[in-house]
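First comes the structure, then the notes that go with it.
We're numbering straight along the sequence, starting at 1. These numbers come from a predicted model, not from an experiment.
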Amino acid sequence: TTSPIQSVNLAILGCNTSIDITHGMGEVTNAFVTVINNGTIDLPNACAILRAIDEDREHPDKKICVTNLPSQQQVSLKLTVDSQYKVDTIIQIDVTSNEITLLRLDKQSCRDISLFGGAPSDIGVVKPFTP
């Protein structure tokens, strides 16, 4: 028998800034990421959590979860943090399963998503991973 392999990858697709008046916040930083489960076991309660060095109040979309991320599947997510106006934002993204951190990725600067095809149209859709 073989033991199950837990393997997670994270791709930061890009970032942008916007204004979030619906939550009473000024400038926010959005990060678009793809969480990839390329292991052999499913990841229950799989979450991506965005942090920023200049983060102010906690945004409701700083942590996005899917109930289950099956083996060999991926999901693209849009994460948001309240960030300071016109300050370069250094970001960190954690991937967790059942509150256990599986992967942490820091990015000193995040490329503008609009320069690279824009935001993905399949945000939140779990779909097969193809390398």
Side-chain angles (χ1 to χ4, degrees):
T1 62
T2 59
S3 60
I5 298 171
Q6 183 177 4
S7 181
V8 177
N9 283 334
L10 175 68
I12 299 175
L13 306 174
C15 298
N16 66 18
T17 58
S18 60
I19 304 295
D20 187 347
I21 57 172
T22 59
H23 294 104
M25 298 178 185
E27 182 176 290
V28 295
T29 297
N30 304 302
F32 298 86
V33 302
T34 299
V35 179
I36 304 162
N37 179 2
N38 53 4
T40 60
I41 59 174
D42 294 354
L43 300 176
N45 193 29
C47 302
I49 305 160
L50 176 63
R51 294 182 177 84
I53 197 155
D54 63 334
E55 191 172 347
D56 193 11
R57 293 181 290 154
E58 186 163 321
H59 194 281
D61 294 333
K62 86 175 264 122
K63 178 179 180 180
I64 303 290
C65 301
V66 293
T67 306
N68 186 50
L69 186 57
S71 172
Q72 301 304 308
Q73 301 282 305
Q74 67 183 23
V75 63
S76 293
L77 303 169
K78 176 187 175 191
L79 306 167
T80 305
V81 291
D82 183 19
S83 54
Q84 294 179 9
Y85 182 65
K86 293 199 179 215
V87 173
D88 286 338
T89 299
I90 299 169
I91 63 170
Q92 173 182 291
I93 300 165
D94 290 349
V95 176
T96 66
S97 176
N98 282 340
E99 304 296 327
I100 297 169
T101 301
L102 304 175
L103 179 67
R104 175 170 287 157
L105 185 61
D106 297 326
K107 191 84 169 167
Q108 293 298 312
S109 65
C110 193
R111 66 182 188 223
D112 186 346
I113 189 93
S114 64
L115 299 176
F116 297 91
S121 59
D122 58 353
I123 296 288
V125 177
V126 176
K127 62 183 187 178
F129 166 65
T130 51

Test salt bridge (charged side-chain N to carboxylate O under 4.0 Å, His left out) applied to E27 - qualifying residues, sequence neighbours left out: none
ring-ring contact (aromatic ring centres under 6.0 Å, His included): pairs with one or both residues in residues 42-61, sequence neighbours excluded: H23-H59
Side chain to side chain donor-acceptor pair (under 3.5 Å) partners of T67, counting only residues at least two apart: none
More than 12 heavy atoms from other groups under 6.0 Å of CD1 on I21: no
Student check: side-chain heavy atoms of I91 and L50 closer than 4.5 Å: yes
Residue pairs passing the salt bridge (Lys or Arg N to Asp or Glu O under 4.0 Å) test where at least one lies in residues 43-56, sequence neighbours excluded: R51-D94, E55-K62
Working for side-chain contact (heavy atoms from CB on, under 4.5 Å), residues N38 and Q72: CA-CA 5 Å; N38 53 4; Q72 301 304 308; 4.2 Å; yes
F129 and Q73, any side-chain heavy atoms less than 4.5 Å apart: no
With sequence neighbours excluded, residues passing salt bridge (charged side-chain N to carboxylate O under 4.0 Å, His left out) with K63: E99
Minimal non-hydrogen separation, S7 against N37, with atom names: O-OD1, 3.4 Å
Chi angles and distances behind the side-chain hydrogen bond (donor to acceptor under 3.5 Å, both in side chains) call for S71, T40: CA-CA 5 Å; S71 172; T40 60; 5.8 Å; no
Identified side chain to side chain contact (heavy atoms under 4.5 Å, CB included) partner of V33 from the options I64, V95, V75, L77: L77
Remaining members of the apolar cluster that contains I53, side-chain heavy atoms under 4.5 Å: I90
